[in-house]
J.: 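Quick one: the structure is below, and I'll ask about it shortly.
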Amino acid sequence: MVRYLSAQKAEIDIHEMTAEQAKRYIENFLRRVNPAVKEVTIIHGYSSGTVLLNMVRKQLKHHPR
């Protein structure tokens with residue numbers, strides 16, 4: 001789920017996705033999002049969300065957006 005908090009901020013919820021599903025979802029979002037969006041918050045969950053946390057921090061750290 002994507003929620004726009006303002007013209008420059010968005011929030012993505014990746015609860016209950018596998019790491020691969022979440023990675024594709026985030027990458028697709030970042031490719032299509034308006035360039036005015038400068039900040040994206042990713043909600044990955046708690047406890048079992050560490051798999052998603054690690055994926056976001058390691059695999060998407062150097063994403064151009």
Side-chain angles (χ1 to χ4, degrees):
M1 177 183 98
V2 175
R3 191 172 82 169
Y4 290 91
L5 305 174
S6 72
Q8 294 185 345
K9 294 182 182 182
E11 183 177 88
I12 299 175
D13 188 342
I14 57 173
H15 279 103
E16 299 184 23
M17 292 185 190
T18 66
E20 188 57 36
Q21 289 170 330
K23 184 177 183 218
R24 273 186 270 130
Y25 184 77
I26 295 166
E27 287 175 336
N28 286 334
F29 172 78
L30 293 175
R31 260 194 307 277
R32 295 181 307 197
V33 70
N34 185 322
V37 174
K38 302 295 181 197
E39 181 179 324
V40 177
T41 301
I42 300 174
I43 301 171
H44 50 73
Y46 176 75
S47 185
S48 62
T50 56
V51 171
L52 296 174
L53 168 71
N54 293 335
M55 182 278 299
V56 169
R57 287 189 176 170
K58 292 178 182 174
Q59 295 184 22
L60 297 173
K61 182 178 182 175
H62 299 290
H63 193 281
R65 287 291 315 255

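Just so we're clear, the structure is a prediction, and the values are computed from it rather than from any experiment.
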J.: Of all residues at least two apart in sequence or in a different chain, which pass the side-chain hydrogen bond (donor to acceptor under 3.5 Å, both in side chains) check with Arg31?
T.: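 Asn28.
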J.: Considering non-hydrogen atoms only, spot the tightest contact between Ile14 and His44 and give its length.
T.: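 Answer, listing the atom of Ile14 first, then His44: CG1-CA, 3.8 Å.
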J.: For the CD atom on Glu16, are there more than 12 heavy atoms of other groups (residues, nucleotides or ligands in this structure) within a distance under 6.0 Å?
T.: no
J.: To the nearest 0.5 Å, tell me how far Tyr25 OH sits from Asp13 CG.
T.: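 Spacing of OH (Tyr25) from CG (Asp13) equals 8.0 Å.
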J.: Could you tell me which non-hydrogen atom of Ala22 sits nearest to which non-hydrogen atom of Leu52, and how far apart they are?
T.: CB-CD2, 3.8 Å
J.: Assess the residue pair His15 and Ile43 against the criterion (side chain to side chain contact (heavy atoms under 4.5 Å, CB included)); give the C-alpha distance rounded to whole Å, side-chain angles, the decisive distance to 0.1 Å, and a yes or no.
T.: CA-CA 7 Å; His15 279 103; Ile43 301 171; 3.4 Å; yes
J.: Quick one: list whatever passes side-chain hydrogen bond (donor to acceptor under 3.5 Å, both in side chains) with Glu11, sequence neighbours left out.
T.: Arg3
J.: Can you check side chain to side chain contact (heavy atoms under 4.5 Å, CB included) on Tyr4 and Val33, steps first, answer last?
T.: CA-CA 11 Å; Tyr4 290 91; Val33 70; 4.0 Å; yes
J.: Check for me, please, whether Val2 and Met55 land in the same ILVMFWY cluster - side-chain distances under 4.5 Å, paths through other members count.
T.: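 Yes; Met55 is reachable from Val2 via cluster members.
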J.: Rounded to the nearest 0.5 Å, how far does CD of Gln59 lie from CG of Asn54?
T.: 10.0 Å
J.: Search all heavy atoms of Ala7 against all heavy atoms of Val37 and return the closest pair with its distance.
T.: O-CG2, 3.7 Å
J.: If the condition is side chain to side chain contact (heavy atoms under 4.5 Å, CB included), which residues does Arg57 pass it with, not counting sequence neighbours?
T.: Leu53
